[in-house]
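We're numbering straight along the sequence, starting at 1. Just so you know, these numbers use all the heavy atoms, side chains as well, and skip hydrogens, waters and symmetry mates.
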Amino acid sequence: MTLPEHHADVSGGWLRAATFGAMDGLVTNIALIAGVGGGGVSRHTLILTGVAGLVAGAISMGLGEFTSVRTQNDQVAAELAKELRELRLNPEGEADELVAMWSARGLPVPLARQVADVLKAHPEQALRVHAQEELGVVPDELPSPWTAAVSSFVCFAIGAVVPLLTYLLGFDSLLAALVVGGAGLFVAGAVIARFTARPWWRSGLWQLLLGAAAAGATYLIGTLIGVGVA
């Protein structure tokens, strides 16, 4: 007996927001600390800079995700309202659209016509089918702006605090902070691989490489500016 496959829950808007938030928090504060640390500032200044980056970035990410998802949902809602009007004013024409789409995919025309005619008597169900076929969305499974915002805010803050840990624990070593931040990037990349088909080590190394590139660039800039100011 073959057991049914269980698919991951990719709806609700939390996964993309959480992933992007965590990675952005890690990379942003690693690069920020590398740049400021490259300028030769004190431990206190580094902590202040990192915490400010954490708070500002988390708020920005949360507000950005909320606005983005809400705007997208509003646009979808407007299209759904338009589609519902068309279904009520021209049910035959909308049914013909479904028949044309389904028959183009290989479904026998008589069967496509039979299903389309059944849907004409149920506008709400017809709207769901048209939304999936024409807009690529499921009306009652749109992502939540609040879920996206909270996920992004929390995950950004968690990611951003990782490269600050050594300084918060009393150490005064830029190298140690960057090593801890790099480890955080690798672990985050490996965790993300659980939601994809990529090997965990490859995903971890890729995120580590991106973070290292960002940190290297800002460290070089910080060193140059620090030397110039001095």
Side-chain angles (χ1 to χ4, degrees), residues 13-72 143-193 195 203-230:
W14 70 269
L15 180 57
R16 182 191 66 84
T19 301
F20 185 50
M23 286 302 172
D24 198 26
L26 277 162
V27 174
T28 296
N29 250 16
I30 288 172
L32 184 61
I33 290 172
V36 175
V41 301
S42 67
R43 170 176 167 270
H44 179 268
T45 301
L46 272 168
I47 293 176
L48 176 61
T49 302
V51 171
L54 184 158
V55 174
I59 293 174
S60 176
M61 287 290 295
L63 291 176
E65 282 293 335
F66 182 87
T67 302
S68 174
V69 175
R70 185 172 183 176
T71 300
Q72 182 181 12
S144 165
W146 286 106
T147 298
V150 172
S151 298
S152 182
F153 179 93
V154 172
C155 290
F156 183 99
I158 292 173
V161 81
V162 171
L164 279 174
L165 287 175
T166 55
Y167 288 109
L168 294 174
L169 292 175
F171 296 94
D172 189 9
S173 171
L174 177 60
L175 178 60
L178 295 180
V179 169
V180 171
L185 278 172
F186 183 86
V187 170
V191 170
I192 289 173
F195 300 99
S203 179
L205 287 176
W206 175 247
Q207 298 301 330
L208 178 59
L209 178 63
L210 293 178
T218 54
Y219 179 81
L220 177 61
I221 295 173
T223 301
L224 293 175
I225 294 176
V227 171
V229 172

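- Closest approach of Ser173 to Thr166, counting heavy atoms only: O-OG1, 4.4 Å.
- In terms of heavy atoms, Gly62 sits closest to Ser152 at N-OG, 4.2 Å.
- Considering Leu224, Ile225, Thr223 in turn, Ile225 is the only one that fulfils the side-chain contact (heavy atoms from CB on, under 4.5 Å) rule with Ile221.
- Between the side chain of Thr28 and the backbone N or O of Asp24, at least one donor-acceptor pair lies under 3.5 Å.
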Please determine whether side-chain contact (heavy atoms from CB on, under 4.5 Å) holds for the pair Phe153 and Glu65, giving the CA-CA distance in whole Å, both sets of side-chain angles, and the decisive distance to 0.1 Å. CA-CA 9 Å; Phe153 179 93; Glu65 282 293 335; over 6 Å; no
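- With a 4.5 Å cut-off on side-chain heavy atoms, Leu168 and Val161 count as touching.
- Of all heavy-atom pairs spanning Ala34 and Ala215, the tightest one is CB-O, 3.6 Å.
- Under a 3.5 Å cut-off, the side chain of Asn29 and the backbone N or O of Gly50 do form a donor-acceptor pair.
- No donor-acceptor pair under 3.5 Å is formed between the side chain of Ser151 and the backbone N or O of Ala18.
- Closest non-hydrogen pair, Gly189 versus Gln207, comes out as CA-CG, 3.6 Å.
- Without hydrogens or angle criteria, Tyr167 side chain to Leu174 main chain gives a donor-acceptor distance under 3.5 Å.
- Judged by distance alone, with hydrogens and angles left aside, the side-chain atoms of Ser60 form no donor-acceptor pair with the main-chain N or O of Ala56 at under 3.5 Å.
- Between Ala17 and Ala148, the closest heavy-atom pair is CB-O, 3.4 Å.
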Working for side-chain contact (heavy atoms from CB on, under 4.5 Å), residues Leu210 and Val27: CA-CA 8 Å; Leu210 293 178; Val27 174; 5.6 Å; no
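- Atoms CG and CG, from Leu32 and Leu164 in turn, are 8.5 Å apart once rounded to the nearest 0.5 Å.
- Distance check, rounded to the nearest 0.5 Å: CD1 of Ile192 to OG1 of Thr19 gives 4.5 Å.
- Considering every non-hydrogen atom in both Phe156 and Gly53, the closest pair reads CE2-O, 3.8 Å.
- Each side-chain hydrogen bond (donor to acceptor under 3.5 Å, both in side chains) pair with one or both residues in residues 33-52, not counting sequence neighbours, appears once here: Ser42-Thr45.
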